Amino acid sequence: MKKYDYKKVEKKWQKFWEKNKPFRAEDGNKKEKYYYLVEFPYPSGEGLHVGHVRSYTALDIMARKKRIQGFNVLYPIGWDAFGLPAENYAIKTGKHPKKVTEENVKVYKNQIQSLGISFDWDREINTTDPEYYKWTQWIFLQLYKKGLAYKKKMPINWCPSCKIGLANEEVVDGKCERCDAEAEKKEMEQWMLKITEYADRLIEDLETVDYLDKIKTQQINWIGRSEGSDIDFEVKDFDDRIKVFTTRPDTLFGATFMVLSPEHELVNKITTSKQEKEVIKYQEQAGKKSDLERTELQKEKTGVFTGAYAINPVNKKKIPIWIADYVLASYGYGAIMAVPAHDQRDFEFANKYKLEIEQVISPMFIDDINPPQEGFDEVCRDTVLAFVRDKKTKKYALLDWHGTLDGITTTVMGGIDDGEDPEKAARKELAEEAGLENVTLIKKSNWITEAKYCASHKKENRHAKAHAFLFEVENLDKQKEIPEKEQKIHTLYWVKEDEVEGKLVPPHQKFVWQQILEETALTQGGHLMNSGKYDGMNVGECIENITKWLDKQNLGKKATNYHLRDWVFSRQHYWGEPIPMVYCEVCGWVPLKEEDLPLELPMVEKYLPTDTGESPLASIEDWVKTTCPKCKGKARRETDTMPNWAGSSWYFLRYIDPKNTEQFADMDKLKYWTPVDLYNGGMEHTTLHLLYSRFWHKFLYDQGLVPTSEPYQRRVSHGMILAPDNQKMSKSRGNVINPDEIVNEYGADTLRIYEMFMGPYDQPVSWDTNGLRGVKKFLDKVWASRDKQNKQDSKEVVALLHKTIQKVTEDIDKMHFNTAVSAMMIFVNKIQETGCTKETFEKFIILLSPFAPHLAEELFSALGEKGSVAEQSWPSFDKSKVASEQIEIPVQVNGKIRDKLSVSADISEAELKKLALDSEKVQKFLEGKKPKKVIYVKGRLLSIVV
RNA sequence: GCCUCGGUGGCGGAAUUGGUAGACGCGCUGGACUUAAAAUCCAGUGGUUGUAUAAACCGUGCCGGUUCGAUUCCGGCCCGAGGCACCA
């Protein structure tokens, strides 16, 4: 028999596909559509990565299967070709980025085609094509017209060595990606997109889509919405007010000073002449610091007093105003009210500069235990046990409280427990004391011991939890009773599930909390104290009431803040889409007319940015000089270009109608194809690309330009492929696996299946060349199996075939490719042994065809069939055929397997029981006793309890 | 510090409405074929004990719980990976 010549066969079918275009998606088709999308690659000089192969193959398998199942599938590809590497290469070599990009695209295209990925090449797009970026510019103009694009002076990352503005992504560890010089901050006018206007919808609409949970949470965290209040503070002796944002308006009575960021606009105005020198010096220092330094130096807070005072609106107290760089200019209003007792950062700052600390929240609260709370055991209501550990001696003691909790009587019970595991001892103690079956001590921290137990009653099987926060206990070693005054027990409350609310019980609170405040701020909830009429309220109530009051006084109102910032849309680079705006001395910023798009990138001589930090375009005088579209007067073009997130924010729409010259895509076609049913991409794009494109899409939706408010129905993410040494593949490490070499040595089908078989699709895996050989062996076995034809299939083979069909079909849908491959291996191992009919084998080939399309096509035609595997229909399975007649039932005695009985599948329970009890092996373990209970799980197992 | 995910043989991993833990593949060991090697094929392969083709015990990060039965459910802890991070 001839050996399978993968090189020849793969070429043959690739040519066939190129010529016959069986993977073309058809517009206006009556069939149900399916849109699969992979992130289009940046065609770098390094060529395709094995990571690309993993995701392209995975979706290729799904697309091929869906086509065989009769769907109209759109699976397109294109090139995200604007970007820095091409420009850097141009700077080095003088070769035009366009040229470089063209060459790289060619390489990529060849590589992808050599893998047999079923992309619809008729829809290939390229973001650097003027016919494409015409529409990127057009969308920008729409954003501008709706007020969502604006120009703003803001600090950008600046590389003093390259003399160029850097995008955040180009700053790695605070350094310039290209030259390793430390990046600085520089104020520059930048185009911004108001993504923050969509922040709420970007969170809320996540509920309507099917993304992996980790993607959703990452997006939510990135947007970082927090609810709170804006509060105005009057500045003493000035008419100005300082506005702050806080999530804890309840702590307002504890606001003992204010802190402004060094960049705050009021700083210079309010600073007293006495403090002026110091303040200016501090501002200068802060300005010089890069982001890196600011965050690195977070251990020690620094700041300067301005000499000015503000008035706390609730108690009219005069509080000092400081500046410090731990307050960020870019979040909220760049100013805070400092509540040192209840905020860790303010606490540290206050301690350092000896500022007043006023406690206004008492975390001491306790539930009313009488009458009993629903869900709590009697025992749990009046017994709490926890540990205390002596700070000096590091020894443990047990504490036990009895009686009602507001008149706590405390006795030291277990005494010092030297050496013995305190957890175990405590558990034992409590178990005995409280008559509980078991008790688990849950948490203990350094010198504050936090204990929590969960207990359950044997009979009722109910759970109850309690917390006991304990301080070190003095005179522990003497084991004497601790006088009530000296008890440093400060918190004790019952919790039901996650609820942490209760009523205030105030004994010893001052004493206790002064102790703890020496070390840390009290950031947890509790009840108000030292807060006038709000005393005794819990945090939630207080926030509600105090906000109402502030609103009435016109001093504050509810507010929401986000970590998400507006999108900096300007880049001082050449190789990007020109921003279609001109600056007219008379009219200001004026957009180009839509009919003048695209605004094409002009040819330049030098790609290096100018000394002023402007893009290379700025040096092309005759391009920059233009006339104002509005007044026809003198005007200058914007020389910044768009970031490369621009073209990728809407590319999936262009695939739908790639050649349309009238609009970015036709509405009817959009209605048919959107949304993308499945979008695959890396986790690294979760917070940038994915968020940006959702934002653009929502904007287009609001303008009535697309039919859906979300672009992607489902988003999945592939795990990274690591090098055999478990490291990230990188040129510098020299551990990169080149897919071309693998295709050459093992064939594309082997590479495809290997990458699917390596491990779960969504998890990282490391490369193992030996695994590749195993897959090759499997495909050779498949090829050899075509000679093992029988006239009839055994029942066993029929059952296995149906099982395999079911497994493969379901696993592809679930993206469990590794187990699908495993199922096919099992099938082939079987028919290698026994052979099968031609019909059975052909069904198997169809199952295999999405994974190994070349081999499948070749086998299909070698079996004398005409046409392509892709034109067949997907095999169906019959569950009734999967079940075999003889089954093996394990028999357990007291939970351990003692025997296995081979019986017919339809055996009755009584019969099986008899068989089992008669079994010698089972008898042995019954030891003559009578079984208490016999449990039969149909078709699975029999369990005997003695 | 916060958020998310994970921890199963020598390795990648399989098994979840709780029901035979280790499928499939790699590697390793032994054998067949060969002058030899590669390739291929056959057998074995979690650990300990063992009368070693019988059988028993242990075993899914750790400690407990629920259950006839837990990798799976519950409580806590430890370790690892990723993301965010002076966000008021």
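What you are looking at is a predicted structure, and each value in this text was computed from that prediction instead of being measured. Values reported hereafter were calculated over all heavy atoms of this structure, with side chains retained and with hydrogens, waters and symmetry mates removed. Below, read A as the first sequence line, B as the second, and so on, with proteins coming before strands; counting in each chain starts at 1.
Here C26(B) presents its P atom at 14 Å from CD1 of Ile753(A), a figure rounded to the nearest Å. When rounded to the nearest whole Å, the span between CG of Asp768(A) and C1' of C24(B) equals 14 Å. Residue Phe778(A) contributes atom CZ, which lies 12 Å from atom P of C26(B) at whole-angstrom precision. Counting to the nearest Å, the P atom of A88(B) and the CD1 atom of Ile543(A) are 13 Å from each other. At whole-Å resolution of the value, CG in Leu722(A) and P in G80(B) are 18 Å apart. Spacing between atom CD of Gln763(A) and atom P of G13(B) amounts to 7 Å, rounded to whole angstrom units. Atoms NZ (Lys776(A)) and P (A39(B)) sit 12 Å apart, rounded to a whole Å. The nearest whole Å value for the distance from the CG atom in Asn829(A) to the C1' atom in C41(B) is 13 Å.
Comparing Lys214(A) and Trp222(A) along RNA chain B, the residue whose closest nucleotide (by nearest heavy atom) sits nearer the 5' end is Lys214(A).
For Asn770(A), the side-chain hydrogen bond (donor to acceptor under 3.5 Å, both in side chains) test picks out Arg773(A), with sequence neighbours left out. Under the rule for a ring-ring contact (aromatic ring centres under 6.0 Å, His included), Phe851(A) has no partner lying at least two apart in sequence or in another chain. When the salt bridge (charged side-chain N to carboxylate O under 4.0 Å, His left out) test is applied to Lys243(A), the partners found at least two apart in sequence or on another chain are Asp232(A). Residues satisfying the ring-ring contact (aromatic ring centres under 6.0 Å, His included) test with Phe778(A), not counting sequence neighbours, are none. With sequence neighbours left out, the ring-ring contact (aromatic ring centres under 6.0 Å, His included) criterion links Tyr211(A) to no other residue. Residues that satisfy the salt bridge (charged side-chain N to carboxylate O under 4.0 Å, His left out) test with Lys913(A), not counting sequence neighbours, are Glu909(A). Scanning for ring-ring contact (aromatic ring centres under 6.0 Å, His included) contacts around Tyr761(A) gives Phe817(A), with sequence neighbours left out.
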- [ ] Assign a letter to each nucleotide of nucleotides 52-60 of chain B from its 5' end: B, base within under 4.0 Å of a protein heavy atom; S, sugar-phosphate only; -, no contact.
- [x] ---SSSS--
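Note on Asn818(A): a side-chain N or O is less than 4.0 Å away from OP1 or OP2 of A14(B). Of the side-chain N and O atoms in Thr687(A), none sit less than 4.0 angstrom from OP1 or OP2 of G83(B). For the pair Asn770(A) and G27(B), the criterion of a side-chain N or O lying under 4.0 Å from OP1 or OP2 is met.
The Ile826(A) side chain lies nearest to C24(B) when the options are G83(B), G13(B), C24(B). Of all nucleotides listed (G12(B), G13(B), A15(B)), A15(B) comes nearest to the side chain of Thr819(A). Each of C41(B), A88(B), C86(B) was ranked by its minimum atom distance to the side chain of Lys777(A); first place goes to C41(B). Set against C24(B), A15(B), C86(B), the side chain of Asp325(A) has C86(B) as its closest nucleotide.
The salt bridge (charged side-chain N to carboxylate O under 4.0 Å, His left out) contacts involving residues 212-222 of chain A comprise nothing, where partners must be two or more places apart or lie in separate chains. Within the structure, the salt bridge (charged side-chain N to carboxylate O under 4.0 Å, His left out) test picks out the following pairs touching residues 820-834 of chain A (sequence neighbours left out): Glu796(A)-Lys830(A), Lys830(A)-Glu833(A).
No donor-acceptor pair closer than 3.5 Å links the side chain of Tyr4(A) to the backbone N or O of Ala784(A).
Base orientation for G9(B): syn, the chi torsion being within 90° of 0.
Taking atom P in both C11(B) and C62(B), one finds a spacing of 15 Å when rounded to whole Å. Spacing of P atoms, G9(B) relative to A14(B), comes out at 13 Å, to the nearest Å.
At the heavy-atom level, Gly332(A) lies nowhere under 4.0 Å from the strands shown.
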Would you tabulate the pairs of protein nitrogen or oxygen atoms and nucleotide nitrogen or oxygen atoms of nucleotides 16-22 of chain B closer than 3.5 angstrom?
| residue | atom | partner | partner atom | Å |
| --- | --- | --- | --- | --- |
| G19(B) | O2' | Arg940(A) | NE | 3.4 |
| G19(B) | N2 | Gln892(A) | OE1 | 2.8 |
| U20(B) | O2 | Lys900(A) | NZ | 2.9 |

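The shortest distance between side-chain heavy atoms of Tyr746(A) and Thr769(A) falls below 4.5 Å.
Between Phe257(A) and Trp322(A), the distance from one ring center to the other does not fall under 6.0 angstrom.
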Task: Per-nucleotide pairing state of RNA chain B [Watson-Crick or G-U, under 3.5 Å; [ ] pseudoknot-crossing; | other strand] - done: (((((((..(((......[....)))((((((.......))))))((((.....))))..(((((..]....))))))))))))....
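Residue Met720(A) places its CE atom among 12 or fewer non-hydrogen atoms of other residues, nucleotides or ligands, all under 6.0 Å distant.
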